[in-house]
Amino acid sequence: MTTYWKVTAGNPDPAIVAEAAVVLQQGGVVAFPTETVYGLGADARQTEAVQQIFTAKGRPSDNPLIVHIANRSQLEELTLPPDEAVSRLLDAFWPGPLTVVLPARPGVLSPLVTAGLSTVGLRMPDHPVALQLIAAAGCPVAAPSANRSGRPSPTHAEHVLEDLTGRIDAIVDGGPTGVGLESTVVEYAAAGPEEASGRGVLHILRPGGITAAQLRGALPGVEVRESSAHTEPAAAPRSPGMKYTHYAPRGVMTLVQGDAPERVLARIQRELDAARARGERTGALTFREHADALRADRVVACGSLGDLESVAQGLYAALREFDEAGISFILAETCPEEGIGAAIMNRLRKAAGDRVIEA
Ligand code: TXA
Ligand code: MG
């Protein structure tokens, strides 16, 4: 049985928050909204509770979980005093969609949370429901995205219910999430004596809600490295989650990219028509500007090219729409990799299993 509570995102009923907090304290798992996507939370210190997250999601046990806190004072329990550069990051972006990988204080968190690594990813979400729930529970809350492993992350409570009803203790429905994509995951490496530059390096392990430009703005004098898993796998520090097929719709999806939009749209239409003739149920993932230009069994306009934030917000719901419509063959347009576009393209490539057609 999964208990369902509906709350107002900006001002959740304290009685409901308190009830949900008790479930966490007693070792249960509770889905809750954050500003990025819904998370599936458990007390990060209780191994049996954390195990339920992995079981409910069907998540591989070598993929560590992000630990959520409501207050900077919780940092002390979980990690060592951070570098000055890391402190500046936290000042600039917490609460917010930034996860910082830091050395874990031994013996505090369940070993399942860190999946055997000596580090832990920490984040303070910018959502009243998440912050109030974590504060009321009084513990660090391990929370991956609240989807079945391999499915697109949930941006609406309905997505969580679709994937996890009957598999989790409770869900707090706070309406749709804001950013729509997961947090940016970063790890800071202080400059060693051998580095002539004397500069530390901030590695972006997963692009997300905070852009590379924002990180550079907050850390003058630090090199911010966008270690794309596509161009330099060996150079990228390990972020175990990035190796799994993620965010994937059930149909086979392929990206179509090129400099000329008319050529891209024409190519997409040709491929759709050919697929339809083979008996596929076809889908097109496009933007508001181009929605009228394409014909398929399902055309989904995901936000506007002129407003990439709207694309980020709508992406996961769009991928789920294809599943609901039983679409077997999907072609998707791409967007510029500027700002939040880098995170959008990272998720699109994963959803497409790196299948790309050049038009
Ligand atoms: O926005 C988000 O980050 C959402 C909400 C719920 O907060 N959470 C989320 O968690 O996306 P999850 O578990 O789906 O993704 C966690 C990512 C994975 O790619 C994982 O490999 C990486 O963070 N990660 C966690 N701990 C790490 C560590 N110690 N070192 C490197 N990567 C780590
Ligand atoms: Mg996830």
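One-based numbering, in listed order, for ligands and for the atoms of each.
Of all the heavy atoms of Arg59, the ones lying under 4.0 Å from any atom of ligand 1 belong exclusively to the side chain. Residue contacts with ligand 1 for Thr114 are absent, since no atom lies close enough (heavy atoms, distance under 4.0 Å). Contacts between Ala143 and ligand 1, counted as non-hydrogen atom pairs separated by less than 4.0 Å, involve the backbone only. Residue contacts with ligand 1 for Leu117 involve side-chain atoms from C-beta outward but no N, CA, C or O (heavy atoms, distance under 4.0 Å). With a heavy-atom cut-off of 4.0 Å, Glu187 does not touch ligand 1 at all.
Polar contact with ligand 1: absent for Thr99 (N/O pair, distance under 3.5 Å). Ligand 1 has no nitrogen or oxygen under 3.5 angstrom from a nitrogen or oxygen of Thr34.
Here Ser145 meets the criterion, with an N, O or S atom under 2.8 Å of the Mg ion (ligand 2).
The shortest distance between side-chain heavy atoms of Thr211 and Arg216 does not fall below 4.5 Å. For the pair Glu77/Pro140, a side-chain contact is recorded, criterion being any heavy-atom separation below 4.5 Å from C-beta on.
Counting atoms of ligand 1 from 1 in the listed order, those under 4.0 Å from a heavy atom of Asn63 are 18 (C), 20 (C), 21 (O). Those atoms of ligand 1 with a heavy atom of His68 less than 4.0 angstrom away are 5 (C), 6 (C), 7 (O). For ligand 1, the atoms lying closer than 4.0 Å to a non-hydrogen atom of Thr119 are 28 (C), 29 (N), 30 (N). Below 4.0 Å from some heavy atom of Ser145 lie the following atoms of ligand 1, by number and element: 8 (N), 9 (C), 10 (O), 12 (P), 14 (O).
Relative to the ring axis of Phe329, Arg278 places its NZ or CZ within 45° and under 6.0 Å from the centre.
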(request) Show your working on side chain to side chain contact (heavy atoms under 4.5 Å, CB included) between Glu162 and Arg151 and close with a plain yes or no. (result) CA-CA 11 Å; Glu162 248 167 56; Arg151 293 266 287 153; 3.3 Å; yes
(request) Kindly indicate, with the supporting measurements, whether the criterion side chain to side chain contact (heavy atoms under 4.5 Å, CB included) is fulfilled by Leu255 and Arg355. (result) CA-CA 6 Å; Leu255 310 185; Arg355 279 176 297 273; over 6 Å; no
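Using modelled atom types, one finds no donor on one side chain facing an acceptor on the other under 3.5 Å when comparing Glu321 with Tyr316.
Residues in residues 34-55 take part in these salt bridge (charged side-chain N to carboxylate O under 4.0 Å, His left out) pairs, two or more places apart or across chains: Glu35-Arg123, Asp43-Arg45. For the ring pair (Phe, Tyr, Trp, His ring centres under 6.0 Å) condition, no pair includes a residue of residues 119-146, sequence neighbours left out.
Across Ala31, Pro64, Gly121, Gly39, heavy-atom proximity to atom 33 (C) of ligand 1 is greatest for Pro64.
Checking Arg276, Gln269, Arg270 one by one against Asp273, the side chain to side chain donor-acceptor pair (under 3.5 Å) holds for a single residue, Gln269.
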